[in-house]
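Predicted model, so just to flag it, every value in this text is computed and none were measured.
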Amino acid sequence: MADTKISTQSLADLKNTTDDALGNYLRGLDFKQDNTKIDVRLAIGYASVLIAAATFAADYKLGWEVTKTWTAVAVVAYALLNGAFTYWMWAVEKGCVFDGAREGKKISISTKTKKYDPTYYLTISLAGSDSIDIKSPFTTWFTSDGYFVAQPFQQWLASSIEAVGDVDGKNALRDQRDDLAAPTAGVAVLPESNGTADASSIDSKAKGSKHSKRKG
């Protein structure tokens, strides 16, 4: 269980903590992350900051009359960089939190949340195959008081993403893989006991649900 406690009412905190855990987990399985997209985003951001800082310093030391032409140029450059930054975030990265490969097999994972919906949505793109969409409520791996529990999160990923399950067989619940990996299937919320999540209850809940439907 993680030592850091977050607010379970904040979707941003839930997503950011889970995004960090996702990257750490995959890197721990020897997936090599490609930071090209992140590096480009940072470069654009730093360039914008440098232009703003240089413009302010020049205006402060030399005065408006001397620097007004360069200030106008700087404003245009800043606007272009800001537009490029927005385009890169929304059109290129598209919520990508991990882009990498293991043994030549490339994988790209994008995540998102929806307003007022405490659910973690993933889109997984694998080289040579169609992308898949999976989802699970944050309560699957967060306790009610805001602590992150790694095991149920890792089991969900290893059972839902074949490329991950092939590497982490210990966490890949093979009997549950079909149910968990189905793009349209809902993932059962894990119950909480003494502040921890119980990953073993997923299958029993799913089977119980199926039996109930048949009786009805």
Are [X] and [Y] close enough that some pair of their side-chain heavy atoms sits under 4.5 Å apart?
X    : Y    : result
L122 : L157 : yes
L11  : P118 : yes
Y87  : V92  : yes
I134 : W156 : yes
T18  : L22  : no
N16  : I6   : no
N171 : Q151 : yes
T4   : T17  : no

**Prompt:** Any salt bridge (charged side-chain N to carboxylate O under 4.0 Å, His left out) pairs touching residues 7-23, not counting sequence neighbours?
**Reply:**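 For residues 7-23, and leaving out neighbouring residues, the salt bridge (charged side-chain N to carboxylate O under 4.0 Å, His left out) pairs sorted by first residue read K15-D19.
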**Request:** Name all pairs fulfilling the salt bridge (charged side-chain N to carboxylate O under 4.0 Å, His left out) condition that reach into residues 108-117, sequence neighbours left out, sorted by first residue then second.
**Result:**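 Qualifying pairs: none.
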**Message:** Once ring-ring contact (aromatic ring centres under 6.0 Å, His included) is applied, do any residues pair with F85, and if so which ones, sequence neighbours excluded?
**Reply:**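 Result, ring-ring contact (aromatic ring centres under 6.0 Å, His included) vs F85: none returned.
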**Request:** Flag yes if V97 and L126 sit in one hydrophobic cluster, no otherwise; membership is Ile, Leu, Val, Met, Phe, Trp, Tyr, and two members link when side-chain heavy atoms are under 4.5 Å apart.
**Result:**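 Both belong to a single hydrophobic cluster.
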**Message:** Would you say W90 ends up clustered with I38 if hydrophobic residues are merged whenever their side chains have heavy atoms under 4.5 Å apart, either directly or through other cluster members?
**Reply:**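 I38 does not cluster with W90.
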Per-pair distances, 0.1 Å, donor-acceptor, side chain in residues 30-37, under 3.5 Å, sequence neighbours excluded:
{"residue": "Q33", "atom": "OE1", "partner": "R27", "partner atom": "NH1", "Å": "2.4"}
{"residue": "D34", "atom": "OD1", "partner": "T36", "partner atom": "N", "Å": "3.0"}
{"residue": "D34", "atom": "OD1", "partner": "T36", "partner atom": "OG1", "Å": "2.6"}

**L62: hydrophobic cluster co-members (side-chain, 4.5 Å)** =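 Other cluster members: V66.
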**Asked** Members other than F56 in its cluster, when Ile, Leu, Val, Met, Phe, Trp, Tyr link by side-chain heavy atoms under 4.5 Å?
**Response**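 F56 clusters with nothing; isolated.
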**Message:** Just to verify, what does Y25 make a side chain to side chain donor-acceptor pair (under 3.5 Å) with, not counting sequence neighbours?
**Reply:**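 If we apply the side chain to side chain donor-acceptor pair (under 3.5 Å) test to Y25, skipping adjacent residues, the hits are D168.
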**Residues which pass side chain to side chain donor-acceptor pair (under 3.5 Å) with T123, listed by chain and number, not counting sequence neighbours** =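 Scan of T123 (side chain to side chain donor-acceptor pair (under 3.5 Å), adjacent residues dropped) gives D133.
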**Item:** Inter- and intrachain pairs under side-chain hydrogen bond (donor to acceptor under 3.5 Å, both in side chains), touching residues 92-103, at least two apart
**Value:**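 Qualifying pairs: R41-E93, W88-E93.
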**Request:** Please list all pairs passing the side-chain hydrogen bond (donor to acceptor under 3.5 Å, both in side chains) test where one or both residues lie in residues 42-61, with sequence neighbours left out.
**Result:**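 The answer is none; no pair qualifies.
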Below 3.5 Å, can you tabulate the donor-acceptor pairs from side chains in residues 68-75 to any protein atom, sequence neighbours excluded?
{"residue": "K68", "atom": "NZ", "partner": "E65", "partner atom": "OE1", "Å": "3.4"}
{"residue": "T71", "atom": "OG1", "partner": "T67", "partner atom": "O", "Å": "2.8"}

What's the spacing between [X] [atom1] and [Y] [atom2] if we round to 0.5 Å?
X   : Y    : atom1 : atom2 : value
C96 : M89  : SG    : CE    : 11.0 Å
K5  : T143 : NZ    : OG1   : 8.0 Å
T8  : Y147 : OG1   : OH    : 12.0 Å

**Item:** Summary of ring pair (Phe, Tyr, Trp, His ring centres under 6.0 Å) pairs that have at least one residue in residues 97-133, sequence neighbours excluded
**Value:**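 Applying ring pair (Phe, Tyr, Trp, His ring centres under 6.0 Å) to every pair that reaches into residues 97-133, excluding sequence neighbours, yields Y120-F138, Y120-W141.
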**I109 and L26: CA distance, side-chain angles, deciding distance, side chain to side chain contact (heavy atoms under 4.5 Å, CB included) verdict** = CA-CA 11 Å; I109 300 179; L26 293 181; 3.7 Å; yes
**Request:** Could you tell me whether D39 atom CG has more than 12 heavy atoms of other residues or ligands within 6.0 Å of it?
**Result:**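 More than 12 within 6.0 Å, yes.
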